[in-house]
Number of protein chains: 2
Amino acid sequence: MANKHVKEMEALKEHLGKHQLKVTRQRELILSAFLRQEHITAEAMYHQLAKSDPHLGLATIYRTLNLFCDAGLAQARHFGTQTQYDNISHKGHHDHLICTDCGKIVEFENCDIERLQEEVATRNGFTIKTHRLELYGLCSRCRH
Amino acid sequence: MANKHVKEMEALKEHLGKHQLKVTRQRELILSAFLRQEHITAEAMYHQLAKSDPHLGLATIYRTLNLFCDAGLAQARHFGTQTQYDNISHKGHHDHLICTDCGKIVEFENCDIERLQEEVATRNGFTIKTHRLELYGLCSRCRH
DNA sequence: ATTGAAATTGATAAGCTCTCTCAAAATGAT
DNA sequence: ATCATTTTGAGAGAGCTTATCAATTTCAAT
């Protein structure tokens, strides 16, 4: 538990170093909490961390999650009215199957789809940096 | 020009009828303006229509565009801080190639990708209703 | 054509998410 | 330990979207 996520912590510190940013208690705390999630909203993280750290500000959470995006550890995704911050530190990238009824989210990766995306992009003169694929529907439990 | 979009107008009226909603001047006006676009924001439509109809309220535009989504004529897509309403009346659905530099948007369709999506969904017990695929990168002009 | 219940509109207030502001605190190179 | 620089927390503010509500419009039934 203690020495989990060492690699990601190093990645963050490298990013901080390169940009004249500082290592702070809050950044380490938020990163370690973030890495335990697949994806989370700033608000949810705020409430989660409030239990152990009541004075951690919501603005700091937002700032820090956006920092993680810059550092390549997270990826922002607009879902409904809120922004979900996806943990992309272990898997390079993942797409989502989202149940429109119960909100369940299943992550997946598919190389064939990614390859076809590259084809489409090339055909249109684009160079892809990232992508977002979300499939909306009903999960097995909600379909009946 | 006058009798364009008759099919879509019928589709809207069918939806209205089924839900005890009424046919209004505003709904017809907004639909006919909307169908001339590939995609548009509520704000942009507000300004566009203000020229010919200065008293059309922004709330009405939002309400109506959301109505079009319910009716299956439009599809909302969050891009940046705003919501883009995509015209999906002619093509069943379209995906987007988005240039992160100049904001250029290219629409495309790819049956092979759609087929693979179905596969992924089935494998996970999902039944897809809609999907969203956005490829972010640089267009040929911005790449150099 | 008139009536009247129900839905819609326009204007604005309110809500929600997210960012900005700034004084106080923390960091880290010296 | 010092001190310039960055960060934080708290709340104000901004931007987009929805809720409110009196006035108006629609439309089914006269």
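Chain letters run A, B, ... following the sequence lines, proteins first and then strands; every chain starts at 1.
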Requested in this report: Can you establish whether the number of heavy atoms outside B:Arg141 located under 6.0 Å from its atom CZ is more than 12?
Outcome: no
Requested in this report: Considering just the side-chain nitrogens and oxygens of B:Tyr62, establish if one lies under 4.0 Å of OP1 or OP2 belonging to D:dT17.
Outcome: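 Yes, because at least one side-chain N or O of B:Tyr62 sits under 4.0 Å from OP1 or OP2 of D:dT17.
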Query raised in the report: Quick one: is D:dT17 close enough that its OP1 or OP2 comes under 4.0 Å of any side-chain N or O from B:Asn66?
Result: no
Report task. Select one nucleotide: of D:dT7, C:dT8, C:dT17, the one nearest the side-chain heavy atoms of A:Thr24. Result -> D:dT7
Report task. Just call it for B:Thr41: base, sugar-phosphate, or nothing, with non-hydrogen atoms closer than 4.0 Å on any strand. Result ->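 No contact at all - B:Thr41 keeps every heavy atom at 4.0 Å or more from the nucleic acid.
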Query raised in the report: Does a salt bridge link B:Arg115 with A:Asp112, judged by any charged N lying under 4.0 Å from a carboxylate O?
Result: no
Return the value, rounded to whole Å, for the distance between atom [atom1] of [X] and atom [atom2] of [N].
| X | N | atom1 | atom2 | value |
| --- | --- | --- | --- | --- |
| B:Leu29 | C:dT9 | CG | P | 11 Å |
| A:Leu67 | C:dT19 | CG | P | 13 Å |
| A:Arg27 | C:dA25 | CZ | C1' | 14 Å |

Kindly give the atom pairs (protein nitrogen or oxygen, nucleotide nitrogen or oxygen) under 3.5 Å for nucleotides 3-5 of chain D.
{"from": "D:dT5", "atom 1": "O2", "to": "A:Lys22", "atom 2": "NZ", "distance (Å)": "2.4"}

Query - Any side-chain donor near an acceptor of the partner, B:Tyr136 and B:Glu134, under 3.5 Å - result: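 Indeed, the side chains of B:Tyr136 and B:Glu134 share at least one donor-acceptor pair under 3.5 Å.
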Query raised in the report: Have B:Arg143 and A:Thr127 got a donor and an acceptor in their side chains that come within less than 3.5 Å?
Result: yes
What pairs of nitrogen or oxygen atoms, one from the protein and one from nucleotides 9-11 of chain D, lie under 3.5 Å apart?
{"from": "D:dG9", "atom 1": "OP1", "to": "A:Gln26", "atom 2": "NE2", "distance (Å)": "3.2"}
{"from": "D:dG9", "atom 1": "OP2", "to": "A:Gly57", "atom 2": "N", "distance (Å)": "3.4"}
{"from": "D:dG9", "atom 1": "OP2", "to": "A:Thr60", "atom 2": "OG1", "distance (Å)": "2.7"}
{"from": "D:dG9", "atom 1": "O5'", "to": "A:His55", "atom 2": "O", "distance (Å)": "3.2"}
{"from": "D:dG9", "atom 1": "N7", "to": "A:Arg63", "atom 2": "NH2", "distance (Å)": "2.7"}
{"from": "D:dG9", "atom 1": "O6", "to": "A:Arg63", "atom 2": "NH1", "distance (Å)": "3.3"}
{"from": "D:dA10", "atom 1": "OP1", "to": "A:His55", "atom 2": "ND1", "distance (Å)": "2.8"}
{"from": "D:dA10", "atom 1": "OP2", "to": "A:His55", "atom 2": "O", "distance (Å)": "3.3"}

